[in-house]
Amino acid sequence: MTLAYKRIGIIAALDEELADIVEKLQLNEAEEALHTLFHFGTVHEQQVVAVKCGVGKVNAAAATQHLIEKFGCDCVINVGVAGSTNDDVRKNHVVLSTDLHEHDMDCLEGPGVISRMDTSVFLSDKTLLDLAKLKGKALLPEGFLHVGPIVSGDQFVSSKEKTMWLSETFGSLCTEMEGAAIAHVCYLNSVPFLVIRSISDMADEDALDSFESSKDEAVDYTTALLLAMIG
Ligand code: ADE
């Protein structure tokens with residue numbers, strides 16, 4: 001089972017989340033746009049474009065639209081770290097998205113409901129998800145792989161109270177700041193997507209310290225899984 005797209009777009013918020021991927025896939029060419037670099041190259045006859053979009057939903061949305069419109073990407077994969085919103089999902093565990101929600105969307109129609117849209121729940125592509133599950137099971141230690149809803153908002157979550165609210169409201173496994181925006185833009189463009197996140201913190205009162213000290217190790221897990229999917 002391999003990927004067969006015209007051009008795969010890879011998007012991460014931070015340098016630390018993307019640098020190894022660009023190096024290992026040898027994406028040696030680059031083009032500047034949106035105050036960042038879009039790296040590209042060919043990996044096993046598969047064209048790949050990778051971009052560090054910056055933090056938050058707007059940066060993520062702009063870069064995703066650029067990947068699709070300007071680079072012709074027909075599939076988008078988002079990688080990076082996240083805060084856990086489920087006690088079974090621990091540091092360095094990997095979460096594959098089934099569906100994405102914008103947890104900070106509030107039009108007084110219920111949390112996460114985007115007014116006047118036909119859906120507020122953005123479903124991951126089954127083919128991408130199946131491949132990631134297959135590779136993840138082979139690659140990751142027993143119990144490290146989780147599959148379920150991911151929430152995103154323009155907020156670094158660092159309180160147990162908020163984490164519990166996210167879990168109860170959306171059934172989320174983890175929270176981050178870009179995935180749902182990427183999913184939303186992919187939905188608008190009818191482009192398949194998947195979000196792959198490893199856990200750097202428990203989104204509680206220690207989240208910032210844990211994020212700083214654990215993100216580099218956590219990133220290794222998403223990088224390894226993405227490389228297994230593409231390689
Ligand atoms: N990314 C990593 N940890 C996070 C958290 N606790 N909240 C939001 N985004 C994150």
Side-chain angles (χ1 to χ4, degrees), residues 10-21 36 50-64 76-106 111-112 122 124 140 144-185 193-226:
I10 299 168
I11 181 163
L14 309 175
D15 272 329
E16 302 92 300
E17 293 168 328
L18 196 76
D20 257 15
I21 291 167
T36 189
V51 61
K52 179 209 78 171
C53 66
V55 174
K57 301 207 309 298
V58 174
N59 283 327
T64 305
V76 173
I77 302 175
N78 169 225
V79 287
V81 294
S84 171
T85 57
N86 180 305
D87 282 344
D88 294 333
V89 181
R90 310 301 301 177
K91 236 186 250 184
N92 292 333
H93 286 195
V94 171
V95 179
L96 307 176
S97 63
T98 49
D99 47 299
L100 277 295
H101 307 252
E102 292 169 38
H103 72 68
D104 55 352
M105 175 59 70
D106 185 356
F122 303 108
S124 301
L140 299 171
F144 268 47
L145 189 66
H146 304 267
V147 181
I150 296 179
V151 291
S152 316
D154 286 325
Q155 181 182 28
F156 186 87
V157 177
S158 60
S159 98
K160 194 72 200 161
E161 195 186 341
K162 179 83 188 214
T163 301
M164 282 168 64
W165 180 80
L166 292 171
S167 163
E168 281 159 17
T169 309
F170 299 99
S172 59
L173 298 186
C174 66
T175 184
E176 35 83 322
M177 302 177 70
E178 297 81 23
I182 293 163
H184 187 152
V185 172
F193 71 88
L194 181 69
V195 178
I196 305 173
R197 294 279 178 159
S198 47
I199 301 302
S200 58
D201 58 83
M202 297 305 289
D204 56 10
E205 283 67 14
D206 296 328
L208 197 52
D209 282 349
S210 175
F211 169 80
E212 290 299 352
S213 59
S214 307
K215 67 176 174 338
D216 291 346
E217 190 186 353
V219 160
D220 290 344
Y221 289 87
T222 47
T223 301
L225 179 49
L226 181 78

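Note that ligands are numbered from 1 as they come in the structure, with each ligand's atoms numbered from 1 the same way.
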F122/F193 aromatic ring centres below 6.0 Å: no
Any heavy-atom pair between the side chains of [Y] and [X] that's under 4.5 Å?
X: H93; Y: S84; value: no
X: E17; Y: R197; value: yes
X: E176; Y: I150; value: yes

Shortest protein contact, atom 4 (C) of ligand 1 (heavy atom only): F156 CE1, 3.3 Å
Closest protein heavy atom (residue, atom, distance) for atom 3 (N) of ligand 1: D201 OD2, 2.7 Å
Atom indices of ligand 1, in the order listed, that fall short of 4.0 Å to a heavy atom of A203: 6 (N)
Numbered atoms and elements of ligand 1 in range of V157, under 4.0 angstrom, heavy atoms: 5 (C), 6 (N), 7 (N), 8 (C)
Heavy atom of S158, distance to ligand 1 below 4.0 Å: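 Flag not set, S158 not near ligand 1.
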Whether W165 and H103 hold their rings parallel, tilted or perpendicular, with breakpoints at 30° and 60°: perpendicular
Region of S200 that comes within reach of ligand 1 [heavy atoms, distance under 4.0 Å]: side chain
Ligand 1 versus Q155: contacting region, heavy-atom distance under 4.0 Å: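 It is the backbone that gets close, since no side chain atom is under 4.0 Å.
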Heteroatom distance test (G83, ligand 1): nitrogen or oxygen, under 3.5 angstrom: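 Yes.
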Heteroatom proximity flag, E176 to ligand 1, N/O under 3.5 Å: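 Such a contact does not occur with ligand 1.
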Cationic N near anionic O, under 4.0 Å, K160 to D87: yes
Candidates S152, S172, S124 - the one meeting side chain to side chain donor-acceptor pair (under 3.5 Å) with S97: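 For S97, the side chain to side chain donor-acceptor pair (under 3.5 Å) test succeeds with only one of S152, S172, S124, which is S124.
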